[in-house]
Trainee: 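This is the structure I have questions about; it appears just below.
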Amino acid sequence: MKWDEVRRKYPNSGVLVEALCASSKENKRIITEMMVLKESDSAHVLWKSYKEIHLKYPNKELYIFHTSKKQIEVEEQPFHHIYKKT
């Protein structure tokens with residue numbers, strides 16, 4: 001599903017989505033196809049679902065958005081592991 005389709009199907013609502021087709025450009029994640037996994041007005045419900053799915057399937061690319069946004073934007077952040085030497 002494209003973002004415009006998600007917005008039409010779930011107006012003014014929070015959604016947990018899985019990115020099915022995405023790419024990176026200039027430190028932005030561009031999601032061109034997604035699947036809605038959960039819809040709710042409660043951020044708590046969406047985060048709970050996010051954590052449950054992420055624990056089972058850590059390689060899935062999951063996001064929470066609100067459909068009031070005309071465009072979605074995901075800024076990529078580098079992740080650095082911090083290890084303490086003992």
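As the structure is a prediction and not an experimental result, all values here were calculated from the model. Computation of the quantities below employed the complete heavy-atom set of this structure, encompassing side-chain atoms and omitting hydrogens, waters and symmetry-equivalent molecules.
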Trainee: When clusters are formed from ILVMFWY side-chain contacts under 4.5 Å, directly or step by step, what else is grouped with Ile30?
Mentor: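 None; Ile30 is a cluster of one.
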Trainee: Quick one: list whatever passes salt bridge (Lys or Arg N to Asp or Glu O under 4.0 Å) with Glu33, sequence neighbours left out.
Mentor: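 For Glu33, the residues satisfying salt bridge (Lys or Arg N to Asp or Glu O under 4.0 Å) (neighbours in sequence not counted) are Lys2.
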Trainee: side-chain hydrogen bond (donor to acceptor under 3.5 Å, both in side chains) with Ser49: which residues, sequence neighbours excluded?
Mentor: none
Trainee: Under 3.5 Å, side-chain donor or acceptor atoms of residues 51-58 against the rest of the protein: list the pairs with distances, not counting sequence neighbours.
Mentor:
none

Trainee: Not counting sequence neighbours, which residues clear salt bridge (Lys or Arg N to Asp or Glu O under 4.0 Å) with Glu5? List them please.
Mentor: none
Trainee: Using every non-hydrogen atom in the two residues, find where Ser13 and Ser40 come nearest and quote the distance to one decimal.
Mentor: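 Closest pair (atom of Ser13, atom of Ser40, distance): OG-O, 3.7 Å.
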Trainee: What are the two closest heavy atoms between Ser23 and Arg29, and how far apart are they?
Mentor: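 Taking every non-hydrogen atom into account, C-NH1, 3.1 Å.
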Trainee: Please give the remaining members of the hydrophobic cluster of Val74, linking ILVMFWY side chains under 4.5 Å, ordered by chain and number.
Mentor: Met1, Trp3, Val6, Tyr10, Val15, Val17, Ile31, Met34, Val36, Tyr63, Phe65, Ile72
Trainee: Between atom CG of Leu62 and atom NZ of Lys38, what is the distance when rounded to the nearest 0.5 Å?
Mentor: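 If we round to the nearest 0.5 Å, Leu62:CG and Lys38:NZ are 13.5 Å apart.
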Trainee: side-chain hydrogen bond (donor to acceptor under 3.5 Å, both in side chains) with Lys28: which residues, sequence neighbours excluded?
Mentor: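 Lys28: side-chain hydrogen bond (donor to acceptor under 3.5 Å, both in side chains) contacts with Glu73.
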Trainee: Could you pull out all residues at least two apart from Gln77 that satisfy side-chain hydrogen bond (donor to acceptor under 3.5 Å, both in side chains)?
Mentor: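 Result, side-chain hydrogen bond (donor to acceptor under 3.5 Å, both in side chains) vs Gln77: Glu75.
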Trainee: Listing request: all salt bridge (charged side-chain N to carboxylate O under 4.0 Å, His left out) pairs with a residue in residues 7-20, at least two apart in sequence or in separate chains.
Mentor: Glu18-Lys60
Trainee: Which residues satisfy the side chain to side chain contact (heavy atoms under 4.5 Å, CB included) test with Asn12, sequence neighbours excluded?
Mentor: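 With sequence neighbours excluded, Asn12 shows a side chain to side chain contact (heavy atoms under 4.5 Å, CB included) to His66, Ser68, given in chain and number order.
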Trainee: Distance-only check: which donor-acceptor pairs under 3.5 Å involve side-chain atoms of residues 41-48, not counting sequence neighbours?
Mentor:
| from | atom 1 | to | atom 2 | distance (Å) |
| --- | --- | --- | --- | --- |
| Ser42 | OG | His44 | N | 3.3 |
| Ser42 | OG | Val45 | N | 3.2 |

